[in-house]
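None of these values were measured; they are calculated from a predicted model. Only heavy atoms go into these numbers, but all of them, side chains included; no hydrogens, no water, no symmetry mates.
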Amino acid sequence: QLAGALCLLGSATPSLETLCNCQGKGHFSRTCLPRRVHDLPLPAMSCVDLRQDPGVRSGRHLISRALAEALQAALDRREQAILLLNRRGYSHFVFCPSCKHTLRCRNCDVTLTFHRSRTLRADRLPTVAGRHIEGGWAVCHYCLAQTLVPRDCPLCGTHMALIGLGSQRLEEEITSRFPAARVARVDSDSMAAEDYHTVLGDFAQGRIDVLAGTQMLAKGLHFPNVTVVGIVAADTSLYVPDFRANERTFQLICQVAGRAGRSMKPGRVFVQTFLPDQPAIRFALANDYEGFVQEETRHRQACNLPPFWRLTLMTLRGPSHERLQTAAQRWRERIDLTAAAHALTVKVRGPMPAAISRIQRDHRVQIVVQTPDSKTMQRLLAAMRAQVPIRPAVQVALDVDPVDLL
């Protein structure tokens, strides 16, 4: 804006906010490219209903029979594949099947994720809780605390189970089921900046057959020899308590699907899901962006959510739960009084516990403020900023137009 420059945004799946800007603001315009480069066809999309796959349903495998057969055929043709599992670690749930005890972080209100180590120990070290599971540790992805995982439940003595899926487990399964394949894992745990470019260079030169990893693989990669793309668990991002969960799921499926069939060799995409009738997955399988936009727009308008209304997320955090609750209630009262004094149209939700109610030993409470336009939001926040700070003192973060609600 300061330089008078032109900003060009490119995406196969623009956000609803961007589409709304193109429709309602004169300095935005939209240009569509209806075909791929060189008129290449889109890859064939296949939905794999995991409810019908006994290997995946029982928890023995992550890769379905259909995807495994396509992957083996591609390897036989000396073609390459990309498998996406948007979850780090080996298992995100350490669980006692007898008494239901789970391994949780002491600092945060989350379960710990088990990570395999590169080197395995032959012996299991004794700890306060007894011997621990060899070859790894449990990590909190929020405060980065690490701990050994007891082999036996500290409450009832039953063997602890590793539940759930992660990119490490996916790499392990590919290696065991396809021993001749050269496999590399790409996620934030395994990749430094130089490692990432080295791995992509080896993949481009054909020294790697299968890339497995998280959403780092979804965007911007062009490898003509990739003919098979597998989305191992398309449902994971649907479980996030955020109104953009559908949109992010649709975008992720479409973006990673675009890595296949980028040459004269036809591409195939396998979307594994337990929810084949879920709208975001259904529209992504049909490559129906306009249909998804219409469906999602209807829900957003009905709930007064962006891009139709503006939203501010107020997050209060502090070590004392009682003081935090008192401060949050006073914040809510001040918002209501300020909106009434200035005759502002405001909808307020909360105070309510955040989706992750404690991080780094601080309790977290959220207040969501919705207004029909940006001018109303600016007037409300400016009037509140001019008032005396609320006591007791807690940390307050205001996120206008938040990217997520976590």
Side-chain angles (χ1 to χ4, degrees), residues 14-25 28 109 237-251 279-280 292-318 321 323-359 362-392 394-406:
S15 67
L16 266 66
E17 286 81 357
T18 299
L19 291 182
C20 189
N21 287 335
C22 293
Q23 295 167 0
K25 297 182 179 180
F28 276 83
D109 187 23
S237 55
L238 288 173
Y239 303 140
V240 178
D242 193 304
F243 68 89
R244 291 191 178 93
N246 281 350
E247 182 178 10
R248 292 199 175 111
T249 299
F250 177 86
Q251 290 173 332
F292 171 77
V293 168
Q294 292 177 10
E295 177 79 5
E296 187 69 9
T297 296
R298 184 167 58 85
H299 294 298
R300 299 276 186 94
Q301 282 182 317
C303 299
N304 296 327
L305 291 169
F308 305 101
W309 278 45
R310 302 300 289 270
L311 190 147
T312 292
L313 178 65
M314 300 181 177
T315 303
L316 294 80
R317 60 185 296 169
H321 185 266
R323 290 186 177 182
L324 184 64
Q325 292 293 334
T326 300
Q329 192 58 47
R330 294 185 65 184
W331 264 87
R332 170 61 193 264
E333 294 170 359
R334 176 167 291 187
I335 295 170
D336 293 338
L337 292 173
T338 303
H342 293 79
L344 302 176
T345 302
V346 175
K347 290 189 176 182
V348 186
R349 305 178 189 273
M352 53 192 171
I356 302 172
S357 61
R358 194 167 63 97
I359 292 181
D362 277 345
H363 299 276
R364 303 170 73 239
V365 171
Q366 292 179 340
I367 300 175
V368 178
V369 180
Q370 297 168 265
T371 62
D373 51 52
S374 59
K375 187 173 295 185
T376 303
M377 185 68 75
Q378 290 170 359
R379 290 181 59 192
L380 174 68
L381 297 181
M384 294 186 61
R385 197 179 301 117
Q387 300 177 34
V388 177
I390 292 178
R391 305 295 182 185
V394 297
Q395 297 181 46
V396 182
L398 272 63
D399 190 355
V400 182
D401 298 328
V403 175
D404 61 62
L405 298 182
L406 296 183

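For Glu296 (side chain) and Asn246 (main-chain N/O), no donor-acceptor pair under 3.5 Å exists by modelled atom type. With Arg349 contributing its side chain and Gln366 its backbone, the two residues share no donor-acceptor pair below 3.5 Å. Without hydrogens or angle criteria, Arg317 side chain to Arg364 main chain gives no donor-acceptor distance under 3.5 Å.
Taken to the nearest 0.5 Å, the CG atom of Asp373 stands 9.5 Å off from the CG atom of Leu344. For the atom pair Gln370 CD and Thr345 OG1, the distance stands at 12.5 Å (nearest 0.5 Å). Atom CZ in Arg244 sits 7.0 Å away from atom CG in Leu405 (nearest 0.5 Å). For the atom pair CZ (Phe308) and OG1 (Thr297), the distance works out to 4.5 Å, reported to the nearest 0.5 Å. In this structure, CD in Gln23 is found 9.0 Å from CG in Leu16, a value given to the nearest 0.5 Å. Leu380 contributes atom CG, which lies 15.0 Å from atom NZ of Lys375 (distance to the nearest 0.5 angstrom).
Using a 4.5 Å heavy-atom cutoff, the side chains of Asp109 and His363 are not in contact. Using a 4.5 Å cut-off on side-chain heavy atoms (C-beta onward), Val368 and Met352 make contact. Inter-residue side-chain proximity for Val240 and Arg248 is flagged as unmet; no heavy-atom pair is nearer than 4.5 Å. Using a 4.5 Å cut-off on side-chain heavy atoms (C-beta onward), Val348 and Trp331 make no contact.
Residues Asn21 and Phe28 approach most closely at O-CB, 3.4 Å, considering heavy atoms. Of all heavy-atom pairs between Ala355 and Leu406, the closest is CB-CD2, 3.7 Å. In terms of heavy atoms, Phe250 sits closest to Ala280 at CD1-O, 3.6 Å.
With Thr371 as the partner, the side chain to side chain contact (heavy atoms under 4.5 Å, CB included) test is satisfied by one option alone out of Arg379, Lys347, Met377, Gln378: Met377.
The stretch residues 334-344 participates, sequence neighbours left out, in these side chain to side chain donor-acceptor pair (under 3.5 Å) pairs: Arg332-Asp336, Arg334-Gln387, Thr338-Gln387.
Between Asp401 and Arg310 there is a salt bridge, with a side-chain nitrogen of the basic residue lying less than 4.0 Å from a carboxylate oxygen of the acidic one.
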Verdict with supporting geometry, Glu333 and Gln329, side chain to side chain contact (heavy atoms under 4.5 Å, CB included): CA-CA 6 Å; Glu333 294 170 359; Gln329 192 58 47; 3.9 Å; yes
